[in-house]
Novice: 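Questions regarding the structure given below will be posed in turn.
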Amino acid sequence: MASLGVRPVLPPPLTSISDPPPLFDGTTRLYISYSCPYAQRVWIARNYKGLQDKINLVPINLQDRPAWYKEKVYPENKVPSLEHNGKVLGESLDLIKYVDANFEGTPLFPSDPAKKEFGEQLISHVDTFSKDLFVSLKGDAVQQASPAFEYLENALGKFDDGPFLLGQFSLVDIAYIPFVERFQIVFAEVFKHDITEGRPKLATWFEELNKLNAYTETRVDPQEIVDLFKKRFLPQQ
Ligand SMILES: N[C@@H](CCC(=O)N[C@@H](CS)C(=O)NCC(=O)O)C(=O)O
């Protein structure tokens with residue numbers, strides 16, 4: 001299995017017996033779970049923009065959630081959420097755009113109109129894309145997931161000025177990678193199928209993403225992903 005990126009020392013997840021941080025004291029906090037693909041998106045955006053000192057990570061143990069999280073932080077009781085300027089915002093796709101628009105650092109969305117338009121199109125498709133992948137697990141997974149990976153391979157061919165979905169690394173790669181990463185691992189380990197086979201652009205996309213610390217620092221232990229998928233989505237395996 002692929003090795004994990006070098007991780008900075010990460011804080012331990014807060015549980016039902018943990019006190020809350022000093023909420024609404026002006027600190028910006030990103031509430032995540034280390035294994036959540038939605039939270040991973042915002043975590044990658046925060047890292048890539050170099051906001052490690054501006055946005056504190058607050059990991060939550062979702063299996064043993066502190067009651068104050070729902071009561072005082074985010075009534076939806078999900079991760080990710082972002083505490084910023086006296087408010088708490090949620091929804092990962094909104095949050096990656098919010099972090100890009102409201103914090104310093106390298107812009108994560110191109111200004112070129114053609115790229116912007118294609119980027120919005122890809123972002124509006126990502127929920128369908130990930131749902132199709134999860135649904136494929138109920139049938140002949142390799143065959144049923146193939147159109148989703150072909151979609152990505154074709155999208156990667158749209159701009160040839162870089163290996164990412166809009167040429168340069170952007171919010172769009174961030175929206176897709178947590179899900180593609182998980183299915184790449186599960187397909188390799190469970191179905192002995194390499195999703196990059198016959199998909200050279202997808203292979204290069206992974207290679208290039210794996211050179212970015214902002215992303216590799218957020219990767220989950222592959223074995224944890226396989227175990228979770230087997231338990232939750234593949235009980236027959
Ligand atoms: N649409 C949300 C989904 C967030 C989500 O479902 N997070 C999961 C963890 S991966 C969660 O917090 N689940 C807790 C629950 O549903 O009780 C987003 O994009 O942020």
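Residue indices begin at 1 and follow the sequence shown.
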Novice: Hey, does P222 have a side-chain heavy atom less than 4.5 Å from the side chain of E189?
Specialist: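 E189 vs P222: side chains apart.
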
Novice: Counting N and O atoms only, with roles assigned by atom type, does the side chain of D100 sit under 3.5 Å from a partner on the main chain of L108, one being a donor and the other an acceptor?
Specialist: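 Answer holds: yes.
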
Novice: So does E120 get a backbone contact from the side chain of S124, meaning a donor-acceptor N/O pair under 3.5 Å?
Specialist: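 Yes: the side chain of S124 pairs with the backbone of E120.
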
Novice: State, yes or no, whether a side-chain contact exists between D132 and Y151 at a heavy-atom distance under 4.5 Å.
Specialist: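 D132 vs Y151: side chains apart.
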
Novice: Using 0.5 Å steps for rounding, measure from the CD atom of E181 to the CZ atom of F179.
Specialist: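 Atom-to-atom, E181:CD and F179:CZ are 10.5 Å apart.
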
Novice: For residues Y74 and Y31, establish whether the separation of their ring centroids is below 6.0 Å.
Specialist: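 They do not qualify: ring centres at least 6.0 Å apart.
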
Novice: Output, in order, the C-alpha distance, side-chain angles, deciding distance and verdict of side-chain contact (heavy atoms from CB on, under 4.5 Å) for S81 and V73.
Specialist: CA-CA 8 Å; S81 74; V73 180; 4.1 Å; yes

Novice: Is there a chain of hydrophobic side chains (I, L, V, M, F, W, Y, each step under 4.5 Å between heavy atoms) that links L165 to L209?
Specialist: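 As far as the 4.5 Å side-chain criterion goes, L209 and L165 are connected within one cluster.
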
Novice: Can D19 and W68 be counted as having a side-chain donor-acceptor contact under 3.5 angstrom?
Specialist: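 Judged by distance alone, the side chains do not pair up.
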
Novice: Do Y215 and F169 have ring centroids that are under 6.0 Å from one another?
Specialist: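 Distance test on ring centres: not under 6.0 Å, no.
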
Novice: So, applying side chain to side chain contact (heavy atoms under 4.5 Å, CB included) with E217, which one of N47, I44, L10 is it?
Specialist: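 When side chain to side chain contact (heavy atoms under 4.5 Å, CB included) is applied between E217 and each of N47, I44, L10, only N47 qualifies.
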
Novice: Judged by atom type as modelled, is there a donor-acceptor pair below 3.5 Å linking the side chain of R65 to the main-chain atoms of N77?
Specialist: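 At least one qualifying donor-acceptor pair exists.
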
Novice: Count the heavy atoms of every other residue, nucleotide or ligand shown that sit under 6.0 Å from CG of D160, and state whether that count exceeds 12.
Specialist: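 12 or below, so no.
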
Novice: Name the orientation class of the two ring planes belonging to F233 and F134 (parallel below 30°, tilted from 30 to 60°, perpendicular beyond 60°).
Specialist: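 Aromatic pair F233/F134 classed tilted.
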
Novice: Output yes when a side-chain donor or acceptor of T204 lies under 3.5 Å from a complementary backbone atom of P200, and no otherwise.
Specialist: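 Indeed, once roles are kept as given, a pair shorter than 3.5 Å links the two residues.
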
Novice: With rounding to the nearest 0.5 angstrom, report the NE2 to CG distance, H125 to L152.
Specialist: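 It is 9.0 Å, given to the nearest 0.5 Å.
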
Novice: Look at the side-chain heavy atoms of Ile, Leu, Val, Met, Phe, Trp and Tyr, link any pair under 4.5 Å apart, and say whether V58 and V220 land in one connected group.
Specialist: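 No, V58 and V220 fall in different hydrophobic clusters.
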
Novice: Of all the heavy-atom pairs spanning L133 and S136, show the shortest one and how long it is.
Specialist: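 Where L133 meets S136 most closely, the heavy atoms are O-OG, 2.6 Å.
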
Novice: Apply the test side-chain contact (heavy atoms from CB on, under 4.5 Å) to residues T196 and F149: give CA-CA distance (whole Å), side-chain angles for both, the deciding distance (0.1 Å), then the verdict.
Specialist: CA-CA 9 Å; T196 66; F149 296 126; over 6 Å; no

Novice: Can K78 and E91 be counted as an ion pair, charged N to O under 4.0 angstrom?
Specialist: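 No, K78 and E91 are not salt-bridged.
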
Novice: Report yes if some heavy atom in the side chain of H193 is under 4.5 Å from a heavy atom in the side chain of I195; otherwise report no.
Specialist: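 Side-chain contact under 4.5 Å: yes.
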
Novice: So do P163 and W205 actually touch side chain to side chain, heavy atoms under 4.5 Å?
Specialist: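 A side-chain contact under 4.5 Å is absent here.
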
Novice: Is L137 close to F191 at the side-chain level, that is, under 4.5 Å between some pair of heavy atoms?
Specialist: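 Of all side-chain heavy-atom pairs linking L137 with F191, at least one is under 4.5 Å.
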
Novice: Side chains of K138 and Q144: donor-acceptor distance under 3.5 Å anywhere?
Specialist: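 No - no donor-acceptor pair under 3.5 Å links their side chains.
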
Novice: Should V99 and V79 be regarded as members of a common hydrophobic cluster, given that ILVMFWY residues are connected when their side-chain heavy atoms come within less than 4.5 Å of each other, either directly or indirectly?
Specialist: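 No; tracing contacts between hydrophobic side chains, which count when under 4.5 Å, never links both residues.
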
Novice: Taking the side chain as everything from C-beta on, heavy atoms only, tell me whether R41 gets closer than 4.5 Å to V126.
Specialist: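 Yes. Closest side-chain heavy atoms under 4.5 Å.
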
Novice: Got a sec: does the NZ of K192 have more than 12 other heavy atoms crowding it under 6.0 Å?
Specialist: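 Buried by this count: over 12 neighbours within 6.0 Å.
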
Novice: So does T106 get a backbone contact from the side chain of K49, meaning a donor-acceptor N/O pair under 3.5 Å?
Specialist: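 Yes; judged by distance alone, with no hydrogens or angles, the pair exists.
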
Novice: For Q40 and Y34, indicate whether the former's side chain and the latter's backbone hold a donor-acceptor pair under 3.5 Å.
Specialist: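 No: the side chain of Q40 does not pair with the backbone of Y34.
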
Novice: Closer than 3.5 angstrom, by distance alone: can the side chain of D173 be matched with the main-chain N or O of S170 as a donor-acceptor pair?
Specialist: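 Yes, because the side chain of D173 sits within donor-acceptor range (under 3.5 Å) of the backbone of S170.
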
Novice: Keeping E83 on the side-chain end and V88 on the backbone end, is there a donor-acceptor pair under 3.5 Å?
Specialist: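 No: the side chain of E83 does not pair with the backbone of V88.
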
Novice: Rounded to the nearest 0.5 Å, what separates atom CG in L212 from atom CD1 in I174?
Specialist: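 Here the rounded value is 9.0 Å.
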
Novice: May I have the step-by-step check of side-chain contact (heavy atoms from CB on, under 4.5 Å) for L89 and L95, ending in yes or no?
Specialist: CA-CA 7 Å; L89 308 160; L95 286 178; 3.8 Å; yes

Novice: Can you tell if the side chain of L82 reaches within under 4.5 Å of the side chain of T28, non-hydrogen atoms only?
Specialist: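 Touching, per the 4.5 Å side-chain cut-off.
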
Novice: Would you name the heavy atoms of Y69 and P80 that are closest together and state the gap between them?
Specialist: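 Reported closest heavy-atom pair: OH-C, 4.5 Å.
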
Novice: So, the side chain of R29 versus the backbone of H84: is there a donor-acceptor pair under 3.5 Å, distance only?
Specialist: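 Not at all, since once roles are kept as given, no pair shorter than 3.5 Å links the two residues.
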
Novice: Quick one: do L57 and F24 end up in the same hydrophobic cluster if we chain Ile, Leu, Val, Met, Phe, Trp and Tyr together by side-chain heavy atoms under 4.5 Å apart?
Specialist: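 No, it is not one cluster - the side chains of L57 and F24 are not joined through contacts under 4.5 Å.
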
Novice: What closest approach, in Å, do P59 and P12 show between heavy atoms, and which atom pair accounts for it?
Specialist: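 Closest heavy-atom pair between P59 and P12: CG-O, 3.7 Å.
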
Novice: Would you find a donor on one side and an acceptor on the other, under 3.5 Å apart, between the side chain of S146 and the backbone of Q143?
Specialist: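 Not at all, since once roles are kept as given, no pair shorter than 3.5 Å links the two residues.
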
Novice: Hey, would you say the F183 and F229 ring centroids sit under 6.0 Å apart?
Specialist: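 Yes.
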
Novice: Got P13 and S33 here, is their nearest side-chain heavy-atom distance under 4.5 Å?
Specialist: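 No, their side chains stay 4.5 Å or more apart.
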
Novice: Is it true that L14 and L23 fall in one hydrophobic cluster, defined by side-chain heavy atoms closer than 4.5 Å?
Specialist: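 Yes, one cluster joins them.
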
Novice: Can you confirm whether the side chains of S16 and D64 place a donor and an acceptor under 3.5 Å from each other?
Specialist: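 Short answer, yes.
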
Novice: Measuring from Q168:CD to D112:CG, what's the distance to the nearest 0.5 Å?
Specialist: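 Going from CD on Q168 over to CG on D112, the span is 9.0 Å.
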
Novice: Measure the CG-CD1 distance between N210 and I177 for me, rounded to the nearest 0.5 Å.
Specialist: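 Between atom CG of N210 and atom CD1 of I177 there are 7.0 Å.
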
Novice: Looking at D161 and K115, is there a salt bridge between them, counting it only when a charged N and a carboxylate O are closer than 4.0 Å?
Specialist: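 Answer for the salt bridge query: yes.
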
Novice: side-chain contact (heavy atoms from CB on, under 4.5 Å) between I185 and V190: does it pass, once the steps are laid out?
Specialist: CA-CA 8 Å; I185 291 165; V190 180; over 6 Å; no

Novice: Return the minimal non-hydrogen interatomic distance between F103 and L51, and the atom names on each side.
Specialist: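 Between these two residues, the closest heavy atoms are CB-CD1, 3.5 Å.
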
Novice: Looking at OG of S18 and CD1 of I60, how far apart are the two atoms once the value is rounded to the nearest 0.5 Å?
Specialist: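 The distance works out to 8.0 Å.
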
Novice: Run the ring-centre check on F129 versus Y176 and record whether the distance is less than 6.0 Å.
Specialist: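 Yes.
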
Novice: Could you tell me whether R199 and E150 make a salt bridge, using a distance below 4.0 angstrom between a side-chain N and a carboxylate O?
Specialist: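 Counted as a salt bridge, because a side-chain N and a carboxylate O are separated by less than 4.0 Å.
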
